[in-house]
Amino acid sequence: MSVQVGSFDGSGAEWDEFVRRQIGWTHCHLFGWQAVMATTLGHRCLYLAARTDRGELAGILPLVRVKSLLFGHYLVSMPF
């Protein structure tokens, strides 16, 4: 089985279904959390996904671009 990584192009429901099957998930991992990061804090979100040959999700990586005067610009999985 091979896996390809790229920008997530599926639905929020697909993302959330995958998240809820993982041990230790939190509401911060759900697809809608990117709206909180973007609208409330002004951060840009980059959501990545790993898919199998059959197009099934094999992994996800929610990244948030944080801009800081002290630390510059950086990507983090969960900024807080």
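Both backbone and side-chain heavy atoms feed into the values below; hydrogens, waters and symmetry mates do not.
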According to a 4.5 Å side-chain heavy-atom criterion applied to Ile, Leu, Val, Met, Phe, Trp and Tyr, with indirect links allowed, do [X] and [Y] form part of one hydrophobic cluster?
X     : Y     : answer
Leu70 : Val66 : yes
Val64 : Leu75 : no
Phe18 : Trp33 : yes
Phe31 : Val36 : yes
Val76 : Leu30 : yes

Rounded at 0.5 Å granularity, tell me how far [atom1] in [X] sits from [atom2] in [Y].
X     : Y     : atom1 : atom2 : answer
His29 : Arg20 : NE2   : CZ    : 13.0 Å
Trp25 : Asp16 : CH2   : CG    : 8.0 Å
His73 : Lys67 : NE2   : NZ    : 5.5 Å
Ser68 : Tyr74 : OG    : OH    : 5.0 Å
Glu17 : Ser11 : CD    : OG    : 8.5 Å

Could you go through Gln34 and Leu63, starting from their C-alpha distance and side-chain angles, then the distance that decides it, and tell me whether this counts as side chain to side chain contact (heavy atoms under 4.5 Å, CB included)? CA-CA 9 Å; Gln34 68 180 308; Leu63 293 173; over 6 Å; no
My understanding is that only residues two or more places apart in sequence, or in another chain, count here; which of them pass salt bridge (charged side-chain N to carboxylate O under 4.0 Å, His left out) with Asp53? none
Considering residues at least two apart in sequence or located in another chain, which fulfil the salt bridge (charged side-chain N to carboxylate O under 4.0 Å, His left out) criterion with Arg54? Glu56
Kindly give the heavy-atom pair with the smallest separation between [X] and [Y], and that separation in Å.
X     : Y     : value
Met1  : Thr52 : SD-CG2, 3.4 Å
Thr39 : Ala35 : OG1-O, 2.6 Å
Ala50 : Val5  : CB-CG2, 4.0 Å
Met37 : Cys45 : CB-SG, 3.7 Å

Test Tyr47 against Ile60 for side chain to side chain contact (heavy atoms under 4.5 Å, CB included), laying out the working first. CA-CA 7 Å; Tyr47 277 31; Ile60 57 170; over 6 Å; no
For Phe8, the option from Leu48, Leu61, Leu57, Leu46 that meets side-chain contact (heavy atoms from CB on, under 4.5 Å):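 The passing option is Leu57.
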